[in-house]
A.B. asks: 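The structure's right below; bear with me while I get my questions together.
Throughout, protein chains are lettered first and strands after them, A, B, ... in sequence-line order, and every chain is numbered starting at 1.
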Amino acid sequence: MVGWLSGARKPSPVAERRAEAVTGGWAAPRPPGRAGAAHDAGILIDLGEAHPSGHGMLRLRLRLEADRITYAEPVIGFMHRGAEKLFEVRDFRQIIMLANRHDWLGAFTSELGVALAAERLAGIDVPVRAVWARTLLAELNRILSHLAFLSSYPPEIAGRPGVTDAARSAFTARETIQAAMEEISGGRMHYMFTRIGGIKEDIPAGWAGRAQAAVASVRSHLPAIGTVVREDAVFRERTSGTGAISAGQVSQFGISGPAARASGVDFDLRRDEPYLAYPDLAGTLRVVTGSRGDCLARFECLLGQLEVSLDLADAAATGLARLPHGPVAARLPKVLKVPEGEVYVWIEGPLGLNGYYLVSRGGKTPWRLKLRTASFSNLQVLTEILVGARVSELVPILGSLFFVVGDVDR
Amino acid sequence: MGAPVSDPGGGLPAPGHGVYDDSQWASTGDLPPRSRGVIALLEENCTACMLCARECPDWCIYISSHKEPVPTEPSGAGRGRPRVRNALDRFAIDFSLCMYCGICVEVCPYDALFWAPDFSYAERDIAGLTHERAQLREWVGTVPPPPAIDPGTGGR
């Protein structure tokens with residue numbers, strides 16, 4: 001066995017310092033009197049934040065004065081897979097398989113962004129039926145993502161009367177939408193249903209009606225789901241006035257989505273630069289904004305947006321049912337090559353702005369495909385809003401920023 | 001298939017037959033026909049053309065084959081060159097790598113690959129997740145018929 005693993009040799013002060021630097025000085029001090037062979041014997045396996053079993057967890061480095069945070073640094077990148085580099089050696093269908101993984105709560109939106117970028121650069125016209133189906137699926141996916149953030153509460157809240165019911169209602173509601181998504185796409189999380197030029201397969205008979213029924217069922221659960229945010233005294237007390245983000249910080253950090261709108265930033269691409277069928281849904285779409293920018297405002301914004309998405313999904317299903325006969329995808333060559341050029345496409349994802357900068361040199365793989373994800377930008381503001389907060393405020397602040405760690409690290 | 005891992009509790013079924021009992025939570029009968037649970041291989045249709053293995057984004061399909069001469073027709077004796085066709089030696093999918101994207105099913109030009117809804121094939125040993133052709137053939141029995149299509153849709 002290698003010397004440093006067996007513990008036979010006392011580590012030099014330099015090595016000890018280096019180990020401290022690697023762990024950021026967080027390594028537990030060696031218990032006195034146990035520095036002998038028994039303590040150090042065998043191979044040390046570190047189940048730290050870099051271990052695959054800890055996927056989806058965020059590491060924060062905090063400096064404290066008593067329980068007051070004086071310095072905060074999110075340590076990110078443990079789930080970095082180099083997705084953008086992997087895109088460069090995959091054709092556009094294979095990219096959709098990868099692109100729908102980094103934000104596992106908003107898989108359909110991520111598929112959509114890649115397809116819209118490629119279609120815009122290649123000048124592909126997507127059949128109207130696919131446009132409406134995509135709009136409906138995007139809103140159903142948004143509902144799923146919002147419900148996920150409205151269904152998990154910390155233990156001291158989760159046990160309170162009404163909260164358990166709310167979380168259970170949100171889970172039941174998610175299940176009904178997931179059933180609709182699985183029926184059309186075959187997947188519950190990674191739908192793999194978008195194709196360049198449209199959608200993968202025809203719509204099953206009667207599916208739009210069943211999707212509408214699922215939306216109605218979620219709507220019936222809304223009062224229960226909203227109880228926590230609207231009524232629960234402890235939840236409201238712990239989230240109001242804490243973790244406030246100013247409109248200035250929103251533009252400084254590039255915060256988007258419900259986290260930005262809660263600070264009064266009235267911006268939503270579905271209205272301000274409409275894509276898919278959103279121009280036709282302008283009468284249904286309302287942009288929900290807040291003003292205080294605190295944790296509670298963000299949760300209220302998310303809840304309001306959930307209602308809007310239910311209306312949009314309902315309207316999109318109605319619109320889809322009214323369309324004349326037609327295909328669900330454009331006819332394209334078997335080997336799709338995107339002509340030389342570059343394009344930037346941005347869309348309104350469940351967590352905020354998703355940007356896709358696509359550079360093609362005429363090949364069947366992109367020369368470069370840069371992702372701009374909402375989670376990455378939204379998370380950065382932690383360095384400012386955590387300073388001055390108490391440790392007990394960490395949970396509401398982290399829970400109300402609405403990010404997915406895979407979407408940060410990708 | 002790897003050697004079974006010793007099980008302290010004993011009484012586990014043999015690898016490859018669903019170590020965990022999922023029946024209490026869900027049954028495949030409730031799942032829609034498009035549900036992407038497991039990939040079935042109808043090997044009679046497979047020509048070992050390798051399209052699926054090449055298109056697979058993470059290369060988890062293993063195929064090997066050899067050429068076999070096709071018996072020539074007696075009437076055409078002496079005419080034409082001898083024909084050969086591919087005969088499959090191995091077809092395996094490693095479900096520990098599979099990303100369940102379905103590109104292989106989509107690209108197969110000979111209708112040899114299908115999705116089946118079964119998802120309860122967890123294993124104690126990761127090697128057991130590589131399903132060889134016999135096991136992939138067994139899944140064919142569980143492939144549901146495709147759903148009826150919305151009359152408004154006019155194909156691709």
A.B. asks: Any Lys/Arg nitrogen of B:Arg36 or A:Glu182 sitting under 4.0 Å from an Asp/Glu carboxylate oxygen of the other?
C.D. replies: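 No, no charged N to carboxylate O under 4.0 Å.
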
A.B. asks: When you look at NZ of A:Lys370, are more than 12 heavy atoms from neighbouring residues, nucleotides or ligands closer to it than 6.0 Å?
C.D. replies: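 Yes, NZ of A:Lys370 has more than 12 neighbouring heavy atoms, counting only those of other groups under 6.0 Å.
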
A.B. asks: Is the closest basic N to carboxylate O distance between A:Arg129 and B:Asp150 below 4.0 Å?
C.D. replies: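 A salt bridge is present here (some side-chain N lies under 4.0 Å from a carboxylate O).
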
A.B. asks: In a check of side chain to side chain contact (heavy atoms under 4.5 Å, CB included) between B:Cys101 and each of A:Arg93, A:Met192, A:His190, which one passes?
C.D. replies: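 Result for side chain to side chain contact (heavy atoms under 4.5 Å, CB included) with B:Cys101: A:Met192.
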
A.B. asks: Take atom OH in B:Tyr110; do more than 12 heavy atoms of anything else shown fall under 6.0 Å from it?
C.D. replies: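 No, not enclosed.
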
A.B. asks: Using non-hydrogen atoms only, which part of B:Pro147 is less than 4.5 Å away from chain A: side chain, backbone, both, or neither?
C.D. replies: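 Contact with chain A: side chain only.
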
A.B. asks: Is it true that atom CD1 of B:Ile126 has more than 12 heavy atoms of other residues, nucleotides or ligands lying nearer than 6.0 Å?
C.D. replies: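 No, the 6.0 Å shell around CD1 holds no more than 12 heavy atoms from other groups.
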
A.B. asks: Less than 4.5 Å to any heavy atom of chain B: does that hold for the side chain of A:Arg188, its backbone, both, or neither?
C.D. replies: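 The answer is neither part of A:Arg188.
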
A.B. asks: Salt-bridged, A:Arg90 to B:Glu55, with N to O below 4.0 Å?
C.D. replies: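 Salt bridge between A:Arg90 and B:Glu55, a charged N being under 4.0 Å from a carboxylate O: no.
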
A.B. asks: Measure the CZ-CZ distance between A:Phe193 and B:Arg34 for me, rounded to the nearest 0.5 Å.
C.D. replies: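 Here the rounded value is 5.5 Å.
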
A.B. asks: What part of A:Asp91 lies closer than 4.5 angstrom to a heavy atom of chain B: side chain, backbone, both or neither?
C.D. replies: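 It is the side chain, since no backbone atom gets that close.
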
A.B. asks: Taking CZ in A:Arg81 as the centre, count heavy atoms belonging to other residues, nucleotides or ligands within less than 6.0 Å. Is the count above 12?
C.D. replies: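 12 or below, so no.
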
A.B. asks: Taking side chain as everything from C-beta outward and backbone as N, CA, C, O, which of these in A:Ile184 sits under 4.5 Å from a heavy atom of chain B? Side chain, backbone, both or neither.
C.D. replies: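 Both backbone and side chain.
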
